[in-house]
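Worksheet for the structure shown next.
If you read the sequence from its start, that first residue is 1, and numbering goes on from there. What you are looking at is a predicted structure, and each value in this text was computed from that prediction instead of being measured.
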Amino acid sequence: MTLNSPGSQRLALAVLSLLVAACGDSTEGSGSISAGSSGGSSTGNPTTPTTTVDPTATTDVVTGGSGSQTGSATDSSTDPTAATSTSTSTSASTTDPTATTGNVQTDTSSANTGSTSAADTGTADTGSTGGTTDTTTNGVEPCACPDIEVPLDDGIFVLSDDAEMWKFFPETKQFEMLGAFNCGGMNGTFSMAVDRLGFAWVMFNNPQGDIWKVDVTNVAKCMDPGYNQGQLGVNYFGMAFVSNSESDQCDKLYGNTFNGIGGFGEGPNLGDFLTVDPDTLILSKIAKTKFNGAELTGTGDGRTFMFGGVNPSKLVEVDKANGQFIDEIPLPNLPLTNAFAFSFFAGDFYMFTESANPSVSKVTQFDYDDSDMNGKQDLTTIVAAAPIRIVGAGVSTCAPFAPQ
């Protein structure tokens with residue numbers, strides 16, 4: 001927001017101070033895996049109607065899936081309950097695609113919209129978004145979550161293959177449309193990550209791997225952050241923001257590469273685990289991985305996970321410091337297909353993969369924390385047919401990471 005200059009009031013205030021001093025007054029101011037194996041929101045655009053979809057959940061073991069890239073793997077599932085959901089289309093307002101939004105962190109001393117400054121604590125800059133300049137000023141918490149119109153802590157943001165932003169609410173298993181966007185003529189959405197300030201970083205196919213930022217409070221507002229695609233020979237990568245640690249909530253962007261050739265693959269040194277500094281937008285490779293094409297999700301306590309691999313697909317926890325795999329869980333009957341994405345929310349994972357009707361996605365919940373305490377990490381289709389075909393999913397690190 002814009003703050004008005006106080007210069008025109010200084011003379012009047014000085015006179016008033018002299019009068020008060022003279023008077024002597026003063027003022028004070030369900031397929032399963034062994035557990036031991038390895039919010040309703042409002043949109044920022046009041047002219048955009050929302051659509052609520054109440055899908056039919058099933059408890060069958062998931063038998064197929066998809067991926068958020070452009071590979072050629074096929075979905076072997078046959079989901080008899082899947083049906084194409086319909087939704088009311090919305091028209092995004094026409095705005096300057098390079099406009100910035102200026103989301104304000106209400107508990108910080110500055111209206112930082114995406115730049116990072118190191119906390120004044122004697123430590124080095126972590127390169128994460130939304131930091132405050134001095135943590136000793138009024139007890140301000142660095143990288144505090146902003147109070148914005150579309151909450152960051154009640155659901156998962158999902159991206160359609162035709163540039164629409166939606167939100168999925170795990171508690172109700174419903175979808176809500178936030179709006180369509182057009183970022184500088186880019187086309188072919190590929191992947192998405194959502195930062196701690198309420199911006200979705202959307203990667204496009206054309207130009208290859210270009211990234212623009214979309215304001216989740218008004219998705220018609222796009223801005224070009226100046227990212228240079230093709231750094232170190234990397235065009236495409238699945239991506240997510242991850243907090244530095246549970247005690248350091250500032251976050252950075254991480255990814256895993258896809259070479260864009262053929263389908264997704266798995267094998268020695270096929271991919272690269274990488275990071276992109278959200279301030280300088282410089283890409284750095286961290287380590288080789290065995291996934292050519294994988295999606296990532298991050299948590300507010302600093303953990304990084306990948307969803308990738310073939311025969312079967314796998315859920316992998318990754319050490320973001322060195323790219324080493326910490327834990328690997330096979331996901332039988334959930335193969336990667338041509339469009340896939342996933343996110344972590346409140347103790348569980350939600351995989352968005354193509355349904356039996358590949359023009360839309362289905363949602364599979366992986367009970368990572370064994371919340372029903374049956375000794376198994378159940379893999380269950382909870383939405384047979386979403387209203388869109390999902391190619392990207394992003395959850396802010398402001399979202400809960402502990403079971404609710």
Side-chain angles (χ1 to χ4, degrees), residues 30-38 58-82 191 237-238 240 256-259 261-271 273 288-297 303-318 323-344 348-358 361-370 374-384 386 389-393:
S30 213
S32 62
I33 299 170
S34 170
S37 64
S38 291
T58 71
T59 56
D60 296 337
V61 178
V62 68
T63 58
S66 62
S68 72
Q69 331 299 356
T70 56
S72 59
T74 58
D75 186 349
S76 60
S77 67
T78 56
D79 191 346
T81 65
S191 187
F237 54 91
N256 186 86
T257 59
F258 173 56
N259 64 12
I261 302 173
F264 308 109
E266 180 176 356
N269 301 321
L270 284 184
F273 180 55
K288 301 297 291 186
T289 74
K290 65 179 182 178
F291 295 147
N292 176 34
E295 274 294 1
L296 276 74
T297 189
R303 290 176 292 165
T304 308
F305 295 89
M306 287 186 190
F307 176 37
V310 296
N311 299 322
S313 64
K314 300 164 183 67
L315 173 68
V316 176
E317 183 175 0
V318 184
Q324 296 299 304
F325 286 8
I326 298 172
D327 189 24
E328 183 174 319
I329 302 174
L331 301 173
N333 301 317
L334 189 60
L336 305 185
T337 55
N338 290 332
F340 73 97
F342 88 126
S343 282
F344 182 87
D348 290 335
F349 292 93
Y350 295 85
M351 283 73 172
F352 305 93
T353 64
E354 289 174 353
S355 69
N357 173 6
S361 296
K362 62 183 176 183
V363 184
T364 303
Q365 180 180 10
F366 181 58
D367 186 14
Y368 184 70
D369 60 2
D370 187 23
N374 67 354
K376 299 177 181 180
Q377 294 172 306
D378 297 306
L379 192 65
T380 307
T381 300
I382 60 173
V383 178
R389 183 172 182 261
I390 297 169
V391 299

(message) Between Ser361 (side chain only) and Ile390 (backbone N and O only), is there a donor and an acceptor less than 3.5 Å apart?
(response) yes
(request) For Thr289, check side chain to side chain donor-acceptor pair (under 3.5 Å) against everything at least two apart and list the hits. (result) Asn256
(message) Side chains of Tyr368 and Ile329, heavy atoms from C-beta outward: is any pair under 4.5 Å?
(response) yes
(message) Do Lys290 and Leu270 have side chains that approach each other closer than 4.5 Å (heavy atoms only, starting at C-beta)?
(response) no
(message) With a 4.0 Å cut-off on N to O distance, would you call Glu354 and Lys362 a salt bridge?
(response) no
Check side chain to side chain contact (heavy atoms under 4.5 Å, CB included) between [X] and all other residues, then give those that pass, not counting sequence neighbours.
X      : answer
Asp367 : Asp348, Asp369, Asp370, Ser371, Asp372, Asp378
Pro312 : Lys314, Pro330
Thr297 : Phe305, Phe342, Ser343, Phe344, Phe349, Val395

In Å, rounded to the nearest 0.5 Å, how long is the span from [atom1] of [X] to [atom2] of [Y]?
X      : Y      : atom1 : atom2 : answer
Ser355 : Arg389 : OG    : CZ    : 10.0 Å
Phe264 : Leu336 : CZ    : CG    : 6.5 Å
Ile382 : Gln365 : CD1   : CD    : 5.0 Å

(message) I'd like to check the ring-ring contact (aromatic ring centres under 6.0 Å, His included) partners of Tyr350; sequence neighbours left out, ordered by chain and number.
(response) none
